[in-house]
Amino acid sequence: MIKPIPTEILKRAIEGDRRAFQKIVEGHLSFAYAVAYRMLGNRADAEDITQDAFFRLWKNIPKYKVEIKLSTWLYKIVTNLCLDFLKSTRYRERKFMHDVEAANSVQSSLTPEDIMNGEELQNQLLQASEVLSPLQKAVFILRDLEALTVEETCEILSIDADGVKSNLFHARKKISATLKLIYETHEPK
Amino acid sequence: MRCENFEEQIWLYDELSVSQRQVVDEHLKHCADCEKIWQARTQLRLTTRDWKGVTPAPENSAQLTHKIMAQIVVPSMNIPWLDAINTTWLRYAMASLSTLFVVAFFYTPPKNLPHQHLQASGVRDVNLNTSAFLKVKIENRKSRQQTFSLLACIENRECVQSIAKKKKYYESR
(Lines give C-alpha, C1' and ligand atoms only; values in the text may rest on other atoms or scores of the structure.)
Protein backbone atom coordinates (compact mmCIF):
# COMPACT_ATOMS: atom_id res chain seq x y z
CA MET A 1 0.00 0.00 0.00
CA ILE A 2 1.41 3.38 -0.99
CA LYS A 3 1.43 5.97 1.76
CA PRO A 4 0.04 9.28 0.50
CA ILE A 5 2.67 12.00 0.22
CA PRO A 6 2.01 15.01 2.51
CA THR A 7 0.89 18.06 0.54
CA GLU A 8 3.75 20.13 2.00
CA ILE A 9 6.39 17.75 0.62
CA LEU A 10 4.61 17.63 -2.72
CA LYS A 11 4.56 21.43 -2.91
CA ARG A 12 8.24 21.65 -2.08
CA ALA A 13 9.07 19.04 -4.73
CA ILE A 14 7.06 21.00 -7.31
CA GLU A 15 9.08 24.09 -6.39
CA GLY A 16 12.28 22.15 -7.13
CA ASP A 17 13.24 20.94 -3.65
CA ARG A 18 15.51 17.94 -4.18
CA ARG A 19 15.11 16.60 -0.65
CA ALA A 20 11.34 16.66 -0.89
CA PHE A 21 11.58 14.76 -4.16
CA GLN A 22 13.79 12.16 -2.50
CA LYS A 23 10.95 11.53 -0.02
CA ILE A 24 8.66 10.87 -2.98
CA VAL A 25 11.21 8.51 -4.52
CA GLU A 26 11.59 6.59 -1.23
CA GLY A 27 7.82 6.32 -0.84
CA HIS A 28 7.09 5.15 -4.38
CA LEU A 29 10.21 3.21 -5.35
CA SER A 30 8.90 -0.25 -4.45
CA PHE A 31 5.64 -0.01 -6.33
CA ALA A 32 7.22 1.57 -9.41
CA TYR A 33 9.80 -1.20 -9.48
CA ALA A 34 7.15 -3.90 -8.90
CA VAL A 35 5.10 -2.71 -11.87
CA ALA A 36 8.19 -2.53 -14.08
CA TYR A 37 9.40 -5.96 -13.02
CA ARG A 38 6.02 -7.59 -13.58
CA MET A 39 5.82 -5.99 -17.01
CA LEU A 40 9.37 -6.85 -18.10
CA GLY A 41 10.31 -9.88 -15.99
CA ASN A 42 13.91 -8.76 -15.68
CA ARG A 43 15.59 -7.03 -12.72
CA ALA A 44 18.08 -4.92 -14.66
CA ASP A 45 15.44 -3.67 -17.09
CA ALA A 46 13.03 -2.96 -14.24
CA GLU A 47 15.69 -0.88 -12.47
CA ASP A 48 16.46 1.06 -15.65
CA ILE A 49 12.79 1.79 -16.22
CA THR A 50 12.31 2.82 -12.57
CA GLN A 51 15.22 5.25 -12.80
CA ASP A 52 13.95 6.67 -16.05
CA ALA A 53 10.42 7.01 -14.66
CA PHE A 54 11.52 9.03 -11.64
CA PHE A 55 13.72 11.21 -13.81
CA ARG A 56 10.72 11.97 -16.03
CA LEU A 57 8.58 12.59 -12.98
CA TRP A 58 11.12 15.14 -11.71
CA LYS A 59 11.31 16.86 -15.08
CA ASN A 60 7.54 17.15 -15.35
CA ILE A 61 6.65 17.69 -11.72
CA PRO A 62 6.09 21.47 -12.19
CA LYS A 63 3.16 20.49 -14.47
CA TYR A 64 1.64 18.23 -11.81
CA LYS A 65 -2.03 18.84 -11.01
CA VAL A 66 -3.25 17.92 -7.54
CA GLU A 67 -6.54 16.53 -8.94
CA ILE A 68 -4.65 13.45 -10.15
CA LYS A 69 -3.09 11.08 -7.64
CA LEU A 70 0.68 11.18 -7.82
CA SER A 71 0.78 7.37 -7.79
CA THR A 72 -1.57 7.24 -10.80
CA TRP A 73 0.69 9.65 -12.64
CA LEU A 74 3.75 7.57 -11.80
CA TYR A 75 1.93 4.39 -12.86
CA LYS A 76 1.25 6.07 -16.18
CA ILE A 77 4.90 6.99 -16.67
CA VAL A 78 6.18 3.53 -15.68
CA THR A 79 3.57 1.69 -17.77
CA ASN A 80 4.20 3.79 -20.86
CA LEU A 81 7.95 3.34 -20.55
CA CYS A 82 7.42 -0.42 -20.20
CA LEU A 83 5.09 -0.53 -23.20
CA ASP A 84 7.67 1.34 -25.30
CA PHE A 85 10.35 -1.05 -24.10
CA LEU A 86 8.25 -4.14 -24.89
CA LYS A 87 7.79 -2.86 -28.42
CA SER A 88 11.50 -2.13 -28.86
CA THR A 89 13.82 -4.20 -31.04
CA ARG A 90 16.18 -4.66 -28.11
CA TYR A 91 13.49 -6.43 -26.11
CA ARG A 92 12.28 -8.58 -29.01
CA GLU A 93 15.79 -9.78 -29.79
CA ARG A 94 16.46 -10.64 -26.17
CA LYS A 95 13.14 -12.41 -25.80
CA PHE A 96 13.84 -14.50 -28.88
CA MET A 97 17.21 -15.60 -27.50
CA HIS A 98 15.69 -16.32 -24.10
CA ASP A 99 12.88 -18.38 -25.63
CA VAL A 100 15.33 -20.50 -27.57
CA GLU A 101 17.42 -21.21 -24.47
CA ALA A 102 14.50 -21.77 -22.10
CA ALA A 103 12.18 -23.71 -24.38
CA ASN A 104 12.77 -27.03 -22.69
CA SER A 105 15.07 -26.57 -19.75
CA VAL A 106 13.06 -24.18 -17.55
CA GLN A 107 9.76 -26.01 -17.61
CA SER A 108 11.18 -29.50 -17.22
CA SER A 109 13.33 -28.52 -14.24
CA LEU A 110 10.34 -27.56 -12.11
CA THR A 111 8.58 -29.93 -9.78
CA PRO A 112 4.96 -29.51 -8.55
CA GLU A 113 6.44 -28.46 -5.18
CA ASP A 114 8.36 -25.74 -6.95
CA ILE A 115 5.17 -24.52 -8.55
CA MET A 116 3.57 -24.15 -5.16
CA ASN A 117 6.52 -22.05 -4.03
CA GLY A 118 5.82 -18.31 -4.24
CA GLU A 119 8.88 -17.33 -6.19
CA GLU A 120 8.53 -20.14 -8.67
CA LEU A 121 4.88 -19.33 -9.05
CA GLN A 122 5.81 -15.76 -9.81
CA ASN A 123 8.30 -16.90 -12.41
CA GLN A 124 5.69 -19.15 -13.96
CA LEU A 125 3.21 -16.33 -14.13
CA LEU A 126 5.84 -14.07 -15.64
CA GLN A 127 6.35 -16.75 -18.26
CA ALA A 128 2.62 -17.11 -18.72
CA SER A 129 2.19 -13.38 -19.22
CA GLU A 130 4.78 -13.49 -21.99
CA VAL A 131 2.07 -14.78 -24.33
CA LEU A 132 0.18 -11.50 -23.92
CA SER A 133 0.44 -8.44 -26.07
CA PRO A 134 2.05 -5.46 -24.29
CA LEU A 135 -1.35 -3.80 -23.78
CA GLN A 136 -3.00 -6.98 -22.49
CA LYS A 137 -0.11 -7.45 -20.10
CA ALA A 138 -0.41 -3.86 -18.86
CA VAL A 139 -4.16 -4.21 -18.30
CA PHE A 140 -3.74 -7.54 -16.50
CA ILE A 141 -1.02 -6.20 -14.20
CA LEU A 142 -2.78 -2.95 -13.36
CA ARG A 143 -6.21 -4.47 -12.90
CA ASP A 144 -5.52 -7.90 -11.40
CA LEU A 145 -2.17 -7.50 -9.68
CA GLU A 146 -2.07 -3.83 -8.71
CA ALA A 147 -5.85 -3.89 -8.11
CA LEU A 148 -6.44 -0.52 -9.74
CA THR A 149 -9.96 0.51 -10.70
CA VAL A 150 -11.18 0.45 -14.30
CA GLU A 151 -11.16 4.27 -14.27
CA GLU A 152 -7.55 4.42 -13.10
CA THR A 153 -6.52 1.82 -15.67
CA CYS A 154 -8.28 3.85 -18.40
CA GLU A 155 -6.47 6.99 -17.25
CA ILE A 156 -3.05 5.33 -17.14
CA LEU A 157 -3.32 3.58 -20.50
CA SER A 158 -5.38 6.26 -22.22
CA ILE A 159 -8.02 3.79 -23.37
CA ASP A 160 -11.76 3.53 -22.66
CA ALA A 161 -13.52 1.10 -20.31
CA ASP A 162 -14.51 -1.25 -23.15
CA GLY A 163 -10.87 -1.40 -24.20
CA VAL A 164 -9.84 -2.31 -20.66
CA LYS A 165 -12.48 -5.05 -20.43
CA SER A 166 -11.70 -6.50 -23.83
CA ASN A 167 -7.95 -6.65 -23.11
CA LEU A 168 -8.57 -8.06 -19.66
CA PHE A 169 -10.79 -10.83 -21.07
CA HIS A 170 -8.14 -11.94 -23.57
CA ALA A 171 -5.35 -11.63 -21.02
CA ARG A 172 -7.10 -13.77 -18.40
CA LYS A 173 -8.07 -16.39 -20.96
CA LYS A 174 -4.55 -16.67 -22.39
CA ILE A 175 -2.85 -16.77 -19.00
CA SER A 176 -5.26 -19.42 -17.78
CA ALA A 177 -4.55 -21.58 -20.83
CA THR A 178 -0.79 -21.23 -20.35
CA LEU A 179 -1.02 -22.05 -16.65
CA LYS A 180 -3.14 -25.10 -17.43
CA LEU A 181 -0.43 -26.27 -19.82
CA ILE A 182 2.22 -25.73 -17.16
CA TYR A 183 0.27 -27.63 -14.51
CA GLU A 184 -0.46 -30.52 -16.90
CA THR A 185 3.23 -30.78 -17.80
CA HIS A 186 4.17 -31.13 -14.13
CA GLU A 187 1.37 -33.41 -13.01
CA PRO A 188 2.71 -36.42 -11.09
CA LYS A 189 2.52 -39.62 -13.14
CA MET B 1 -27.78 -16.29 -25.09
CA ARG B 2 -25.15 -18.63 -26.53
CA CYS B 3 -22.21 -20.07 -24.60
CA GLU B 4 -19.65 -17.93 -26.53
CA ASN B 5 -21.33 -14.83 -25.13
CA PHE B 6 -21.18 -16.24 -21.64
CA GLU B 7 -17.50 -17.02 -21.92
CA GLU B 8 -16.50 -13.35 -21.93
CA GLN B 9 -18.89 -12.63 -19.07
CA ILE B 10 -17.42 -15.45 -16.99
CA TRP B 11 -13.89 -14.17 -17.45
CA LEU B 12 -15.04 -10.65 -16.58
CA TYR B 13 -17.43 -11.74 -13.81
CA ASP B 14 -15.99 -9.21 -11.31
CA GLU B 15 -16.64 -6.41 -13.79
CA LEU B 16 -20.36 -7.23 -14.18
CA SER B 17 -23.35 -5.62 -12.52
CA VAL B 18 -25.44 -7.61 -10.02
CA SER B 19 -28.16 -8.34 -12.56
CA GLN B 20 -25.61 -9.50 -15.17
CA ARG B 21 -24.05 -11.80 -12.59
CA GLN B 22 -27.42 -13.37 -11.85
CA VAL B 23 -27.86 -14.24 -15.52
CA VAL B 24 -24.42 -15.86 -15.61
CA ASP B 25 -25.10 -17.77 -12.37
CA GLU B 26 -28.33 -19.12 -13.82
CA HIS B 27 -26.60 -20.26 -17.02
CA LEU B 28 -23.82 -22.01 -15.08
CA LYS B 29 -26.36 -24.22 -13.33
CA HIS B 30 -27.23 -25.90 -16.62
CA CYS B 31 -24.06 -25.67 -18.76
CA ALA B 32 -21.19 -28.06 -18.06
CA ASP B 33 -18.88 -26.41 -20.65
CA CYS B 34 -19.30 -23.00 -19.10
CA GLU B 35 -18.84 -24.52 -15.66
CA LYS B 36 -15.36 -25.66 -16.80
CA ILE B 37 -14.57 -22.10 -17.85
CA TRP B 38 -15.81 -20.91 -14.47
CA GLN B 39 -13.45 -23.33 -12.71
CA ALA B 40 -10.52 -22.12 -14.83
CA ARG B 41 -11.45 -18.54 -13.94
CA THR B 42 -11.58 -19.43 -10.26
CA GLN B 43 -8.19 -21.14 -10.48
CA LEU B 44 -6.66 -18.10 -12.16
CA ARG B 45 -8.13 -15.82 -9.50
CA LEU B 46 -6.47 -17.89 -6.77
CA THR B 47 -3.18 -17.95 -8.64
CA THR B 48 -3.13 -14.21 -9.24
CA ARG B 49 -3.99 -13.66 -5.58
CA ASP B 50 -0.87 -15.65 -4.67
CA TRP B 51 1.15 -13.73 -7.24
CA LYS B 52 -0.08 -10.45 -5.78
CA GLY B 53 1.23 -11.56 -2.38
CA VAL B 54 4.78 -11.84 -3.72
CA THR B 55 5.73 -8.26 -4.57
CA PRO B 56 9.00 -8.01 -6.45
CA ALA B 57 11.40 -5.63 -4.74
CA PRO B 58 14.69 -4.14 -5.92
CA GLU B 59 17.79 -5.96 -4.66
CA ASN B 60 19.14 -2.79 -3.06
CA SER B 61 16.55 -0.04 -2.62
CA ALA B 62 19.02 2.43 -1.10
CA GLN B 63 21.40 2.02 -4.02
CA LEU B 64 18.60 2.43 -6.55
CA THR B 65 17.38 5.57 -4.75
CA HIS B 66 20.94 6.89 -4.83
CA LYS B 67 21.19 6.22 -8.58
CA ILE B 68 17.90 8.02 -9.17
CA MET B 69 18.88 11.00 -7.04
CA ALA B 70 22.23 11.27 -8.83
CA GLN B 71 20.28 12.11 -11.99
CA ILE B 72 18.15 14.73 -10.26
CA VAL B 73 19.50 18.20 -10.82
CA VAL B 74 17.88 21.26 -9.29
CA PRO B 75 16.69 23.46 -12.16
CA SER B 76 18.42 26.76 -12.83
CA MET B 77 16.85 29.85 -11.26
CA ASN B 78 17.09 31.68 -14.59
CA ILE B 79 19.45 34.36 -13.31
CA PRO B 80 21.95 34.79 -16.17
CA TRP B 81 24.73 36.44 -14.14
CA LEU B 82 24.47 33.72 -11.49
CA ASP B 83 24.78 31.04 -14.15
CA ALA B 84 27.73 32.87 -15.68
CA ILE B 85 29.77 32.86 -12.47
CA ASN B 86 28.80 29.34 -11.58
CA THR B 87 31.85 27.88 -13.28
CA THR B 88 34.47 25.34 -12.31
CA TRP B 89 37.28 27.85 -11.91
CA LEU B 90 35.13 29.87 -9.55
CA ARG B 91 34.56 26.80 -7.43
CA TYR B 92 38.32 26.19 -7.29
CA ALA B 93 38.93 29.82 -6.39
CA MET B 94 36.39 29.65 -3.59
CA ALA B 95 37.95 26.42 -2.33
CA SER B 96 41.44 28.01 -2.32
CA LEU B 97 40.15 31.05 -0.48
CA SER B 98 38.46 28.87 2.12
CA THR B 99 41.71 26.93 2.64
CA LEU B 100 43.58 30.22 3.07
CA PHE B 101 41.13 31.36 5.72
CA VAL B 102 41.48 28.08 7.58
CA VAL B 103 45.29 28.30 7.51
CA ALA B 104 45.20 31.93 8.65
CA PHE B 105 42.86 31.00 11.46
CA PHE B 106 45.14 28.31 12.84
CA TYR B 107 48.42 30.14 12.18
CA THR B 108 50.35 31.05 15.33
CA PRO B 109 53.07 33.71 14.95
CA PRO B 110 56.55 32.79 16.25
CA LYS B 111 57.23 33.74 19.85
CA ASN B 112 59.72 36.40 21.13
CA LEU B 113 59.23 38.78 18.26
CA PRO B 114 61.14 41.96 19.05
CA HIS B 115 58.32 44.27 18.07
CA GLN B 116 55.63 42.55 20.05
CA HIS B 117 55.58 42.04 23.72
CA LEU B 118 52.53 40.21 24.94
CA GLN B 119 51.21 41.07 28.31
CA ALA B 120 50.02 38.61 30.89
CA SER B 121 46.84 36.77 30.02
CA GLY B 122 43.70 38.72 30.64
CA VAL B 123 45.27 41.99 29.48
CA ARG B 124 43.88 42.98 26.14
CA ASP B 125 46.28 45.78 25.15
CA VAL B 126 49.57 45.08 23.41
CA ASN B 127 52.45 47.51 23.84
CA LEU B 128 55.00 47.87 21.10
CA ASN B 129 58.57 47.71 22.32
CA THR B 130 59.83 50.18 19.70
CA SER B 131 63.40 50.57 20.97
CA ALA B 132 64.04 46.82 20.85
CA PHE B 133 62.40 46.64 17.44
CA LEU B 134 64.48 49.49 16.00
CA LYS B 135 67.72 48.15 17.47
CA VAL B 136 67.33 44.76 15.82
CA LYS B 137 66.08 46.35 12.61
CA ILE B 138 69.11 48.67 12.33
CA GLU B 139 71.54 45.84 13.08
CA ASN B 140 69.94 43.69 10.45
CA ARG B 141 70.11 46.43 7.86
CA LYS B 142 73.80 47.16 8.60
CA SER B 143 74.85 43.54 8.31
CA ARG B 144 72.75 43.12 5.17
CA GLN B 145 74.30 46.22 3.57
CA GLN B 146 77.84 45.03 4.34
CA THR B 147 77.24 41.57 3.07
CA PHE B 148 75.44 42.87 0.08
CA SER B 149 78.13 45.43 -0.94
CA LEU B 150 81.00 42.95 -0.68
CA LEU B 151 79.17 40.24 -2.52
CA ALA B 152 77.95 42.69 -5.10
CA CYS B 153 81.41 44.06 -5.66
CA ILE B 154 83.00 40.62 -6.11
CA GLU B 155 80.40 39.72 -8.68
CA ASN B 156 80.69 43.09 -10.46
CA ARG B 157 83.69 43.46 -12.77
CA GLU B 158 83.69 47.28 -12.78
CA CYS B 159 83.64 47.36 -9.01
CA VAL B 160 86.64 45.03 -8.84
CA GLN B 161 88.48 47.15 -11.43
CA SER B 162 87.79 50.32 -9.47
CA ILE B 163 89.15 48.72 -6.30
CA ALA B 164 92.26 47.66 -8.23
CA LYS B 165 92.68 51.23 -9.56
CA LYS B 166 92.31 52.64 -6.08
CA LYS B 167 94.86 50.16 -4.79
CA LYS B 168 97.35 51.14 -7.56
CA TYR B 169 96.75 54.79 -6.79
CA TYR B 170 97.50 54.38 -3.11
CA GLU B 171 100.61 52.25 -3.87
CA SER B 172 101.97 54.82 -6.31
CA ARG B 173 101.67 57.52 -3.67
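Every chain is numbered from 1 and lettered A, B, ... according to where its sequence line falls, protein lines coming before strand lines.
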Trainee: Which bit of A161(A) comes within less than 4.5 Å of chain B, counting heavy atoms only: side chain, backbone, both or neither?
Mentor: neither

Trainee: May I ask you to check whether over 12 heavy atoms, not counting those of E158(B), lie within 6.0 Å of atom CD?
Mentor: no

Trainee: Just wondering, do Q43(B) and L179(A) contact through their side chains at under 4.5 Å, heavy atoms?
Mentor: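 L179(A) vs Q43(B): side chains apart.
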
Trainee: Look up atom CH2 in W11(B) and atom CD1 in I175(A), then write down how far apart they are to the nearest 0.5 Å.
Mentor: 9.5 Å

Trainee: Between R45(B), K67(B), M69(B), who has the most heavy-atom pairs with chain A when the cutoff is under 4.5 Å?
Mentor: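 Looking at each option in turn, the highest pair count goes to M69(B).
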
Trainee: If I compare all heavy atoms of E15(B) with all of V150(A), which pair ends up nearest, and what's the gap?
Mentor: OE1-CG2, 3.2 Å

Trainee: With a 4.5 angstrom heavy-atom cut-off, could you sort out which part of F169(A) is near chain B: side chain, backbone, both or neither?
Mentor: both

Trainee: Is the side chain of W58(A) donor-acceptor paired with the backbone N or O of I68(B) at a distance under 3.5 Å, no angle test?
Mentor: no

Trainee: Under a 4.5 Å heavy-atom cut-off, does chain A meet the side chain of A40(B), its backbone, both or neither?
Mentor: both

Trainee: If you tally heavy-atom pairs under 4.5 Å against chain A, which of T48(B), I10(B), I72(B) wins?
Mentor: I72(B)

Trainee: Can you name the closest pair of heavy atoms from Y33(A) and P56(B) and give their distance?
Mentor: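 Of all heavy-atom pairs spanning Y33(A) and P56(B), the closest is CD2-O, 3.7 Å.
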
Trainee: When only pairs under 4.5 Å are counted, which of K180(A), R38(A), E26(A) shares the most heavy-atom pairs with chain B?
Mentor: R38(A)

Trainee: Please report the shortest heavy-atom distance between A70(B) and R18(A), naming the atom on each side.
Mentor: N-NH2, 4.2 Å

Trainee: Grouping I, L, V, M, F, W and Y whenever their side-chain heavy atoms are under 4.5 Å apart, do V103(B) and L100(B) come out in a common cluster?
Mentor: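 V103(B) and L100(B): separate clusters.
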
Trainee: Testing the basics here: between S61(B) and L29(A), what is the closest heavy-atom pair and its distance to 0.1 Å?
Mentor: O-CD2, 3.6 Å

Trainee: Within the side chain of R49(B), is there an N or O that forms a donor-acceptor pair under 3.5 Å with the backbone of L145(A)?
Mentor: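 Between the backbone of L145(A) and the side chain of R49(B) there is no qualifying donor-acceptor contact (under 3.5 Å).
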
Trainee: CZ/R43(A) to CD/E59(B) distance, rounded to the nearest 0.5 angstrom?
Mentor: 5.0 Å

Trainee: What are the two closest heavy atoms between V25(A) and T65(B), and how far apart are they?
Mentor: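 That would be CG1-CG2, 3.9 Å.
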
Trainee: Indicate the atoms forming the closest heavy-atom contact of P58(B) with E47(A), along with that distance.
Mentor: CB-OE2, 4.4 Å

Trainee: Would you say K76(A) has more than 12 foreign heavy atoms packed within less than 6.0 Å of its NZ?
Mentor: yes

Trainee: Return yes if some donor-acceptor pair links the side-chain N/O of R172(A) with the main-chain N/O of L44(B) below 3.5 Å, else return no.
Mentor: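 Not a single qualifying donor-acceptor pair exists.
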
Trainee: Quick test of your reading of the model: are E8(B) and K165(A) salt-bridged, counting only N-O distances below 4.0 Å?
Mentor: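 No salt bridge links E8(B) with K165(A).
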
Trainee: With a 4.0 Å cut-off on N to O distance, would you call E7(B) and K173(A) a salt bridge?
Mentor: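 Judged by the 4.0 Å cut-off on N to carboxylate O distance, E7(B) and K173(A) do form a salt bridge.
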
